[in-house]
Colleague: 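Take a look at this one; I'll ask things after.
For ligands, and for the atoms within them, numbers begin at 1 and follow the listed sequence.
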Amino acid sequence: MSATAPVQSEELYSPEHLADPHPLWRRMMHDHPIFFDEISRTWIVTRYADVAEVFRDHETYANGPYERSTGVVFGRTILQMGGIEHVQQRSIVAPEFVGRRLEAFAPAIGRAIDALIARFGSAQPLDLVAWFTTWLPINVIVDMLGFDLTGREDVFHRWYSEMMDGLAPRAELRAKGIAAHEEVCTFVDPQIAQRRACSGPDLLTRLVEAEAGGRSLTDDEIKSFVSLMLVAGGETTDKAIANLWWNLLRVPEALAEVTADPALLDAAFTETMRRDGPVLYEARDVTRDVEWYGTTVPAGSVVRACLGSANSDETVFDDPRTFTLHRSDLHLGKELRNGGPYPNDLAGHLGFGLGKHFCLGYELARAEAVLGSQRLLETLPNVRPAGELPPLVMIRSFRAAQTLPVTYG
Ligand code: HEM
């Protein structure tokens with residue numbers, strides 16, 4: 001392959017890049033696999049193998065950036081922890097999010113889906129984002145935790161979006177985010193006390209009672225974890241389901257396939273997480289000088305691992321921008337936290353990260369996407385875009401469909 005034009009930092013902020021990041025990412029993967037962005041003063045790695053390396057080598061690439069974002073807004077959480085502290089916290093909470101224990105929450109997912117669908121009425125066109133994906137993940141988490149959503153749906157959504165906005169380093173947004181977490185604490189405090197006095201069948205009780213290695217969570221840790229769940233499990237899952245539907249509406253053969261055989265929704269979700277996973281970058285602090293392609297990245301720098309480009313690395317995935325439910329190079333089943341190796345030389349997508357901090361909610365997100373989409377297919381026969389499908393939009397480290405107007409029947 002011949003060299004492409006040198007990349008300038010400004011290009012990362014250009015309207016062309018925001019509209020479609022892949023041409024620039026391709027040039028970066030090809031000619032600038034390590035790139036210093038003068039504007040954000042961060043190093044960017046774009047190739048699949050390099051992104052995986054950053055996630056795997058947690059000694060060299062530490063989770064300090066979360067101390068300066070989530071840590072400030074809602075306190076110390078698993079995301080910013082390392083070493084034994086992280087292992088301990090993860091062992092306490094992770095079992096609740098996989099296998100049988102997660103399956104026990106299937107009714108909560110079903111309830112949230114049904115309640116949203118019941119509101120559709122006969123409205124056409126129907127915006128799947130405004131009526132469905134925006135609400136589902138938070139409503140599910142709130143129900144799982146055992147909180148009463150009645151009359152408070154807007155409040156939970158405001159808390160989560162203010163905490164989310166507060167992750168940006170702007171004083172007024174930070175202050176609002178911190179205030180929202182304080183409101184979460186005021187709401188959750190008596191609920192914790194109640195669960196300590198009397199167990200219930202909900203996730204909050206499990207968080208109160210869970211222990212590993214003789215240690216359980218303190219009240220502050222539980223409150224921070226509740227806020228983390230809202231933030232880490234809200235916007236991400238909302239956008240992943242929106243992007244799944246964006247692809248189904250854009251590729252009629254795929255929509256026809258999942259309509260004929262809804263079991264294929266699992267593959268459609270995995271392929272969406274690869275082609276259009278909503279999270280584009282994760283940042284790490286570099287703890288020692290490291291050499292990347294002859295360039296020294298000094299200790300103390302911030303490196304950003306670009307999941308968005310890595311999942312479209314053409315040395316790993318053939319024709320990576322094609323959306324198909326029948327890839328022979330992508331592992332379509334359950335994700336592996338360590339990233340493989342998967343059987344038959346298949347590659348996993350990196351949309352949930354990799355290694356120690358691999359997404360805790362990956363099974364929950366998949367369950368919401370698959371069950372929710374199954375119900376949408378049943379409810380909206382012959383669903384199709386109402387007019388031209390709006391493009392995905394890049395905002396901060398996310399890229400997602402902002403609206404999905406459909407008609408049906
Ligand atoms: C499709 C939806 C989702 C996407 C794309 C996503 C993405 C990610 C990514 C990329 C990471 C790794 C972060 C890093 O290494 O810096 C992560 C971690 C995490 N996610 Fe998710 N996530 C999703 C859904 C959820 C849900 C539903 C929950 C829980 C309710 C959740 C909870 C977490 C937590 C707690 C971590 C931190 C784990 C740790 O530090 O050990 N996520 N997620």
Colleague: Does the N or O separation between R284 and ligand 1 drop below 3.5 Å for any pair?
Modeller: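 Yes - when backbone and side-chain N and O of R284 are compared with those of ligand 1, one distance drops under 3.5 Å.
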Colleague: Among N243, N311, N247, find the residue that satisfies the side chain to side chain donor-acceptor pair (under 3.5 Å) test when tested with D276.
Modeller: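 That would be N247.
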Colleague: Side chain or backbone of H86 under 4.0 Å from ligand 1, or both, or neither, by non-hydrogen atoms?
Modeller: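 For H86, the contact with ligand 1 is made by the side chain alone.
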Colleague: Report the part of M273 (side chain from C-beta onward, or backbone N, CA, C, O) that has a heavy atom under 4.0 Å from ligand 1; answer both or neither where that applies.
Modeller: side chain
Colleague: Any salt bridge between E209 and R206, counting N to O under 4.0 Å?
Modeller: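 No salt bridge links E209 with R206.
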Colleague: Between D329 and R274, does the salt bridge (Lys or Arg N to Asp or Glu O under 4.0 Å) criterion hold? Intermediate values first, please.
Modeller: CA-CA 11 Å; D329 46 16; R274 182 200 68 78; 6.0 Å; no
Colleague: Which residue supplies the protein heavy atom nearest to atom 10 (C) of ligand 1, what is that atom called, and how far is it?
Modeller: E282 OE2, 3.3 Å
Colleague: Quick one: look up the protein heavy atom nearest atom 7 (C) of ligand 1 and list residue, atom name and how far away it is.
Modeller: G351 O, 3.8 Å
Colleague: Closer than 4.0 angstrom, basic N to acidic O: yes or no for R366 and E363?
Modeller: no
Colleague: Is it true that, when you exclude D148 itself, more than 12 heavy atoms of the residues, nucleotides or ligands shown sit nearer than 6.0 Å to its CG?
Modeller: yes
Colleague: Starting from atom 34 (C) of ligand 1, which protein heavy atom do you reach first, and at what distance in Å?
Modeller: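 The answer is L360 CB, 3.7 Å.
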Colleague: Assess, by modelled atom type and distance only, whether the side chains of S224 and R76 contain a donor and an acceptor separated by less than 3.5 Å.
Modeller: no
Colleague: In terms of atom number and element, which parts of ligand 1 are under 4.0 angstrom from non-hydrogen atoms of R90?
Modeller: 38 (C), 39 (C), 41 (O)
Colleague: Where does L228 meet ligand 1, judged by heavy-atom distances below 4.0 Å: at the side chain, the backbone, both, or neither?
Modeller: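 Just the side chain.
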Colleague: Are D220 and T218 close enough that a side-chain donor and a side-chain acceptor fall under 3.5 Å?
Modeller: no
Colleague: What's the shortest distance from atom 29 (C) of ligand 1 to any protein heavy atom, and which residue and atom give it?
Modeller: G361 CA, 3.9 Å
Colleague: Between T324 and T322, does a side chain to side chain donor-acceptor pair (under 3.5 Å) hold up when you go through it step by step?
Modeller: CA-CA 6 Å; T324 162; T322 293; over 6 Å; no
Colleague: For K356 and ligand 1, answer yes if some heavy atom of the residue is under 4.0 Å from a ligand atom, otherwise no.
Modeller: yes
Colleague: Who gets closest to atom 42 (N) of ligand 1 by heavy atom: P278, G233, C359?
Modeller: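 Among P278, G233, C359, the closest heavy atom to atom 42 (N) of ligand 1 belongs to C359.
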Colleague: On the ring face of F323, is R275 found with NZ or CZ under 6.0 Å from the centre and within 45° of the axis?
Modeller: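 Ring-cation test returns no.
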Colleague: Test your reading of the structure: does Y66 have an N or O sitting under 3.5 Å from an N or O of ligand 1?
Modeller: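 By distance alone, the answer is yes.
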Colleague: Among all protein heavy atoms, pick out the one at the shortest distance from atom 11 (C) of ligand 1; state its residue, atom name and that distance to 0.1 Å.
Modeller: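 Among all protein heavy atoms, the one nearest atom 11 (C) of ligand 1 is F352 O, 3.7 Å.
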Colleague: Going by heavy atoms, is Y362 under 4.0 Å from ligand 1?
Modeller: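 Heavy atoms of Y362 never come under 4.0 Å of ligand 1.
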Colleague: Quick one: does Q89 get within less than 4.0 Å of ligand 1, heavy atoms only?
Modeller: no
Colleague: Mark up the atoms of ligand 1 that fall under 4.0 Å of a heavy atom belonging to G353, in ascending order.
Modeller: 10 (C)
Colleague: Check whether the ring centres of H58 and H357 lie less than 6.0 Å apart, and answer yes or no.
Modeller: no
Colleague: In terms of the angle between their ring planes, are F352 and H349 parallel, tilted or perpendicular, with boundaries placed at 30° and 60°?
Modeller: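 Correct class here is tilted.
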Colleague: Around atom 23 (C) of ligand 1, find the nearest protein heavy atom and jot down its residue, atom name and distance.
Modeller: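 Scanning the protein heavy atoms, the shortest distance from atom 23 (C) of ligand 1 goes to T236 OG1, 3.4 Å.
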Colleague: What I want to find out is whether R170 reaches E172 closely enough, with some N-O distance under 4.0 Å, to be called a salt bridge.
Modeller: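 Salt bridge: yes.
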Colleague: Is any N or O atom of H357, backbone or side chain, closer than 3.5 Å to an N or O atom of ligand 1?
Modeller: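 Such a contact does occur with ligand 1.
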Colleague: At what distance is the nearest protein heavy atom to atom 1 (C) of ligand 1, and which residue and atom is it?
Modeller: A240 CB, 3.4 Å
Colleague: When you measure from atom 37 (C) of ligand 1 to every protein heavy atom, which one gives the shortest distance, and what is it?
Modeller: L79 CD2, 3.6 Å
